[in-house]
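I have placed the structure first, in the form of structure tokens, so that the comments after it can refer back to it.
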Amino acid sequence: MIRKVRSHITQNEPLLFETSSPGKIGYQLPELDVPAVDPAAVLGKENTRGEIEDFPEISEVEAIRHFTRLSTYNYAIDLGLYPLGSCTMKYNPRVNEAVARIDGLAWAHPYQPESLSQGALEIMATLEAALAEITGMDAVTLQPAAGAHGEFTGIQLVRALHQARGNARKKVLIPDSAHGTNPATARMAGYEVENIPSNERGMIDIEALDRLCTEDTAALMITNPNTVGVFEENITRIAEILHAKGAMVYMDGANMNALVGIARPGDFGVDVMHLNLHKTFSTPHGGGGPGSGAVAVKSHLEPFLPTPRLRRAENAWTWDYDRPSSIGKVRAFYGNFGVLVRALAYIMAHGGAGLRNATMDALLNANYIRAKLEPHFEHPHRAPTMHECVFSDEIQARHGVRTGDIAKRLIDYGFHPYTVSFPLIVHGAMMIEPTETEGKRELDLFIDAMISIAAEAVENPELVLKAPHSTRTSRVDEVMAARKPIVRWKPGAEAPGAND
Amino acid sequence: MLTAIGARSLEDLYSHLPAEVLQRSPLAIAPGKSEYDIVDYFRARGAECGADYPSFLGAGVYRHYRPVLVDTVVSRGEFLTSYTPYQAEIAQGTLTTIFEFQTMICQLTGMEAANASMYDGSTAVPEAAMMAARITGRDHIAVSGALHPEYRQVLETSVRNQGLPVTGFGYDEATGGLDVESLERAVDGRTAAVIIQSPNFLGVVENIKQAAEIAHRAGALLIVAFTEAVSLGLLEPPREADIVCGELQSFAISPSYGGPFAGIMACKEKFLRQMPGRIVGQTKDVDGRRAFCLTLATREQHIRREKATSNICTNQALIALMATVFLSLYGKQGLRELAAQNLSKAHYLAAGLPLRFSGPFFNEFVVSANGRRPEDINRELLERGIIGGLPLGRFYPELEGSMLLCATEMSRRQHMDAVTAVFAAQEALA
């Protein structure tokens with residue numbers, strides 16, 4: 001049975017600046033227990049600002065209504081399947097939120113004495129050890145703030161190692177199926193980028209790799225399983241090719257949710273990799289951050305890890321700043337600690353066996369979707385699916401319906417779209433990653449929706465092309481936004497339709 | 001489900017992986033624990049972290065009260081468990097709050113455009129430096145010695161391999177503010193950007209006009225960083241800057257042992273297309289209603305790949321939302337009052353202590369330990385259940401005998417008096 005969504009009651013909500021009225025407040029400060037000083041007198045008149053022009057003034061009730069109403073305009077995992085390929089949108093357990101807010105952890109200052117930080121250090125040390133075990137690597141840094149930041153850290157480590165050996169080398173090899181962050185990262189680390197083509201099975205073309213890998217190659221950046229959801233079956237051969245030239249294998253861990261508990265990058269030739277704790281280890285995406293991009297390395301890269309490093313001294317944990325080969329710091333302090341707490345809570349709740357079960361459920365769900373949708377959508381790569389599957393819009397495009405249109409129509413069925421038009425090597429890509437979170441009922445609803453849209457694309461393409469029809473905001477004009485950017489509210493600015 | 005797939009067992013699903021890559025032994029991670037056990041474990045760890053100690057640490061991370069409503073809002077699943085708002089039709093909640101955030105950041109900083117936030121203040125600095133290099137076509141960066149030392153380390157790590165040499169300039173021995181001569185020596189026709197922080201790491205409010213004149217005279221941009229966002233409630237914003245970047249932790253974001261925080265980046269409108277990171281813009285939907293979406297994506301890595309302005313592909317949306325809720329509650333009047341309380345508390349505390357510098361300060365300042373070791377003073381304070389200041393020797397060898405102290409609206413008079421008493425006792429001993 002097809003279950004389309006019915007629209008739900010929502011209230012209009014202007015911007016904060018438009019509801020503001022002079023004198024309204026939503027706060028109460030404690031009474032000042034010291035004499036008040038005159039700002040102009042102690043700071044100098046020239047350093048003291050007047051009133052902040054057009055800054056909002058609203059009450060507490062107006063504030064909670066404002067943000068609550070806006071929240072209802074969002075889709076979220078808490079509302080249903082979020083099949084964004086490569087993003088690993090899994091359930092975010094609420095106990096993780098609760099423990100991250102425990103007073104001693106939430107209020108710990110990064111410069112408070114180590115003797116008063118042992119709990120925080122213990123958490124980080126335990127997480128480092130768990131991630132090393134899961135990846136099969138020798139050492140882990142938790143400092144990078146996000147996946148792309150982890151990539152940057154990892155490539156800097158590679159560069160430092162080559163430099164220590166006398167030659168930083170010139171280029172980084174990147175498969176054409178890679179995330180855009182990989183080439184951007186390589187550039188930021190001062191490397192040229194060379195693309196490696198994929199073969200008809202969606203895997204790295206080994207002959208091309210063999211030809212392109214030279215003594216100038218610093219590293220290969222590989223995603224495994226790759227972005228078409230396929231495990232690079234020649235991975236040990238790939239690593240051999242790189243290592244024979246003294247180059248490193250960097251693994252983008254974006255798709256680690258397919259491997260936890262069944263295969264370890266450290267066992268198949270990877271020298272350095274990052275993990276997205278906000279993907280594989282369920283810390284909430286929060287509408288786009290915060291994340292954490294922990295980096296795991298083999299021992300030959302350990303001396304270069306960012307400073308400081310955790311060290312066990314006598315009976316306590318301590319920060320070790322005496323790291324002469326370190327690349328330095330990639331972020332102030334020690335990393336996104338609050339995110340690390342959540343990731344460790346996730347790992348503790350699952351345990352070793354539970355983590356492996358989660359992986360197998362993720363594989364099961366992706367393969368189920370592939371099996372059910374293959375009769376209706378083109379699946380360009382025949383290789384076995386891991387945790388996500390990539391279809392193309394080839395069949396629907398004959399009727400003028402593209403991947404972006406199908407995505408928008410999915411919204412009318414109550415689902416967030418899949419990842420649209422990525423990877424670039426699949427024309428009209430539809431990249432679907434259900435994760436282990438979903439049960440059969442939710443998957444079947446999604447599958448029914450997709451099949452129904454496939455039929456609509458043939459029978460009534462206009463319906464799909466104009467979707468979504470059920471949302472409070474209809475299709476948004478992104479071209480207009482970029483042509484003449486309006487990136488802030490200004491008083492007196494025309495508010496077209498002001499959300500009504 | 002297995003039948004539909006044509007598999008006999010779950011293991012079949014990865015049987016195509018080469019045997020040599022498969023994990024041979026189970027993960028050596030303890031069996032799964034109950035929710036109660038997990039809460040219990042983290043409570044015990046939290047209890048080891050001195051939650052109830054009053055503290056006078058600042059130095060980039062500040063103790064400010066967090067209104068309850070902040071967590072109420074960010075705990076809503078619609079904000080907490082949504083992804084980057086690529087699908088604008090079902091992400092207007094996140095997009096609208098980011099648009100409000102960008103607007104308030106402009107209002108606070110005196111800039112004309114802001115992005116959706118950066119990882120944190122420290123990583124915003126190198127991004128600003130790279131942006132300045134793109135705009136000016138130059139490749140030297142001049143950075144203040146009074147920029148947060150960890151920010152400076154991050155800057156050095158980040159631009160090291162991009163052909164952007166970093167040179168430093170000093171602070172004035174007496175005032176703790178900009179050393180004008182040193183800055184003038186550091187700037188020349190190759191300089192892309194001058195980077196200063198205000199209030200600076202030593203707590204001193206910088207003369208931004210003067211720094212801007214020197215930078216602009218040489219054709220360089222001025223980047224102004226900040227770590228204490230509450231100061232923006234009272235201090236004249238850095239209007240003469242070309243790019244402003246900083247840390248929002250003070251806006252209702254827990255210290256959380258150093259993160260997650262949110263950084264900002266704001267600039268003059270003419271530089272908008274050179275700015276890294278996510279940007280939300282206003283547009284219309286097909287029915288002509290106001291709507292918001294991510295915009296100017298052609299700067300970004302998923303379109304431009306190796307030619308992108310940065311490899312950044314996220315912001316700190318949920319943390320930026322905390323700041324947005326905080327700012328909407330405090331508003332025009334509250335932010336000023338909050339800042340004024342911080343100013344009063346810090347000046348009360350400072351009044352009884354030997355100040356190292358004479359420059360104007362907001363809520364933190366350097367005191368000299370009068371020939372004693374700052375670590376010893378901190379030890380005495382700790383015996384009284386108080387966390388003292390940051391001894392500066394680890395970052396500034398010449399300030400070995402000094403510490404950085406901070407007071408906020410959360411500092412109680414009795415604890416400040418205790419700090420003064422410990423300093424006084426030390427003096428008596430000396």
Side-chain angles (χ1 to χ4, degrees), chain A residues 26-27 33-34 49 55 57 67 70-71 73-78 99 102-106 108-110 116 118-120 145 148 180 183-185 187 190 193 268 284 286-290 328-329 332-333 336-338 351-352 354 360 363 367-368 371 384 471 474 476 480-481 486 488-489 497, chain B residues 1 5 10 13 16 21 27 29 31-32 42 45-46 48-51 57 73 76-78 80-82 84 88-90 92-94 103 119 122 150 153 157 161 236 254 256-260 281-283 285-286 289 291 295 301-302 305-306 308 311 314 316-318 329 331-332 334 348 413:
Chain A
Y27 72 97
D33 61 0
V34 300
R49 87 184 295 166
F55 215 61
E57 295 176 88
F67 292 106
L70 289 180
S71 77
Y73 307 167
N74 269 5
Y75 190 85
I77 306 165
D78 282 1
V99 296
I102 287 171
D103 267 359
L105 305 178
H109 190 288
L116 277 181
Q118 288 299 305
T185 295
R187 282 298 305 158
V193 173
F268 54 69
K329 289 191 71 70
F333 316 117
N336 281 347
F337 176 74
M360 294 208 289
L363 302 189
N367 278 279
Y368 183 69
T471 48
S474 52
V476 169
M480 175 182 157
I486 303 172
R488 60 175 294 196
W489 174 86
Chain B
M1 287 171 77
I5 297 166
L10 287 172
L13 297 173
H16 61 286
V21 312
L27 287 173
I29 291 176
F42 285 102
R45 299 292 76 75
E48 295 163 357
C49 292
L57 283 169
V73 170
R76 284 193 67 90
E78 299 92 328
L80 182 74
T81 75
S82 61
T84 304
E89 295 82 2
I90 47 172
Q92 287 297 304
T94 296
T103 303
Y119 301 142
S122 73
E150 295 212 29
Q153 289 168 8
T157 309
N161 300 312
E236 175 65 10
S254 313
S256 194
Y257 205 54
Q282 180 181 313
T283 184
D285 69 6
V286 294
R289 289 175 295 222
T295 194
Q301 47 74 33
H302 62 281
R305 298 179 79 83
E306 62 266 31
N311 73 342
T314 190
Q316 296 278 293
L318 198 72
L329 287 173
K332 186 185 278 186
Y348 176 81
R413 183 174 186 152

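Labels below follow one simple rule: chain letters A, B, ... track the order of the sequence lines, proteins then strands, and each chain is numbered from 1.
Taking Pro384(A), Gly288(A), Gly26(A) one by one and counting their heavy-atom pairs under 4.5 Å with chain B, the maximum is reached by Gly288(A). Ranked by heavy-atom pairs under 4.5 Å with chain B, the list Gly352(A), Gly286(A), Ala148(A) is led by Gly286(A). Most heavy-atom pairs under 4.5 Å with chain A: of the set Gly281(B), Gly77(B), Ala88(B), Cys49(B), this distinction falls to Cys49(B). Interface check for chain A: of the options Thr84(B), Leu57(B), Val286(B), Thr314(B), the most heavy-atom pairs under 4.5 Å are formed by Leu57(B). When each of Ala371(A), Gly104(A), Pro110(A) is checked for heavy-atom pairs under 4.5 Å with chain B, Pro110(A) comes out on top. Among Glu150(B), Arg76(B), Gln153(B), the residue with the largest count of heavy-atom pairs under 4.5 Å with chain A is Glu150(B). Across Gly354(A), Pro290(A), Gly190(A), the residue that shares the most heavy-atom pairs under 4.5 angstrom with chain B is Pro290(A). Counting heavy-atom pairs closer than 4.5 Å to chain B, the top residue among Ala332(A), Ala120(A), Gly328(A), Ala145(A) is Ala332(A). The candidate from Leu116(A), Leu363(A), Val193(A) with the greatest count of non-hydrogen atom pairs under 4.5 Å with chain B is Leu116(A).
Residue Tyr27(A) comes nearest to Leu329(B) through the heavy atom pair CD2-O, 3.7 Å, listed as atom of the first residue, atom of the second, then distance. Minimum interatomic distance between Thr94(B) and Gly287(A) (heavy atoms only, all atoms of both residues): CG2-O, 3.9 Å. Here the closest heavy-atom approach between residue Thr81(B) and residue Ala76(A) is recorded as OG1-CB, 3.2 Å. The shortest non-hydrogen separation linking Gly119(A) to Glu48(B) is CA-OE1, 3.0 Å. Between Ala106(A) and Ser254(B), the shortest heavy-atom distance links the atoms O-CB, 3.2 Å. Closest non-hydrogen pair, Arg305(B) versus Pro183(A), comes out as CB-CG, 3.7 Å.
Interface residue Val21(B): backbone and side-chain heavy atoms are both found under 4.5 Å from chain A. Within the 4.5 angstrom heavy-atom criterion, only side-chain atoms of Thr295(B), from C-beta onward, approach chain A. Residue Leu105(A) touches chain B through both its backbone and its side chain, counting heavy-atom pairs closer than 4.5 Å.
At distances below 3.5 Å, not a single donor-acceptor pair connects side-chain atoms of Asn367(A) with backbone N or O atoms of Ile5(B). Side-chain atoms of Arg413(B) come within 3.5 Å of backbone N or O of Asp33(A) as a donor-acceptor pair.
Judged as a ring pair (Phe, Tyr, Trp, His ring centres under 6.0 Å), and not counting sequence neighbours, Tyr348(B) has no contacts. Residues satisfying the ring pair (Phe, Tyr, Trp, His ring centres under 6.0 Å) test with Tyr257(B), not counting sequence neighbours, are Tyr334(A), Phe337(A).
Under the 4.5 Å side-chain criterion, counting only non-hydrogen atoms from C-beta, Ser474(A) is in contact with Arg289(B). Annotation: side chain of Leu318(B) is not in contact with side chain of Pro284(A) (no heavy-atom distance under 4.5 Å). Within the 4.5 Å cutoff, side-chain heavy atoms of Gln316(B) are placed close to those of Asn336(A).
With rounding to the nearest 0.5 angstrom, the CG atom of Leu70(A) is 11.0 Å from the CD atom of Glu78(B). Interatomic distance, CD1 of Ile486(A) versus CD of Gln282(B), reported as 4.5 Å (0.5 Å rounding). The distance from the CZ atom of Arg187(A) to the CG atom of Asn161(B) is 11.5 Å, given to the nearest 0.5 Å. Taking CD1 of Ile77(A) as the reference point, atom OG of Ser82(B) lies at 8.5 Å (rounded to 0.5 Å).
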Show, in sequence, the C-alpha distance, side-chain angles and deciding distance for Thr471(A) and Ile90(B), and conclude whether the side-chain contact (heavy atoms from CB on, under 4.5 Å) test is met.
CA-CA 7 Å; Thr471(A) 48; Ile90(B) 47 172; 3.7 Å; yes
Evaluate side-chain contact (heavy atoms from CB on, under 4.5 Å) for Val476(A) paired with Thr283(B), printing each intermediate quantity in order.
CA-CA 7 Å; Val476(A) 169; Thr283(B) 184; 3.5 Å; yes
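We find that Lys332(B) and Glu57(A) are joined by a salt bridge, their nearest charged nitrogen and carboxylate oxygen being less than 4.0 Å apart.
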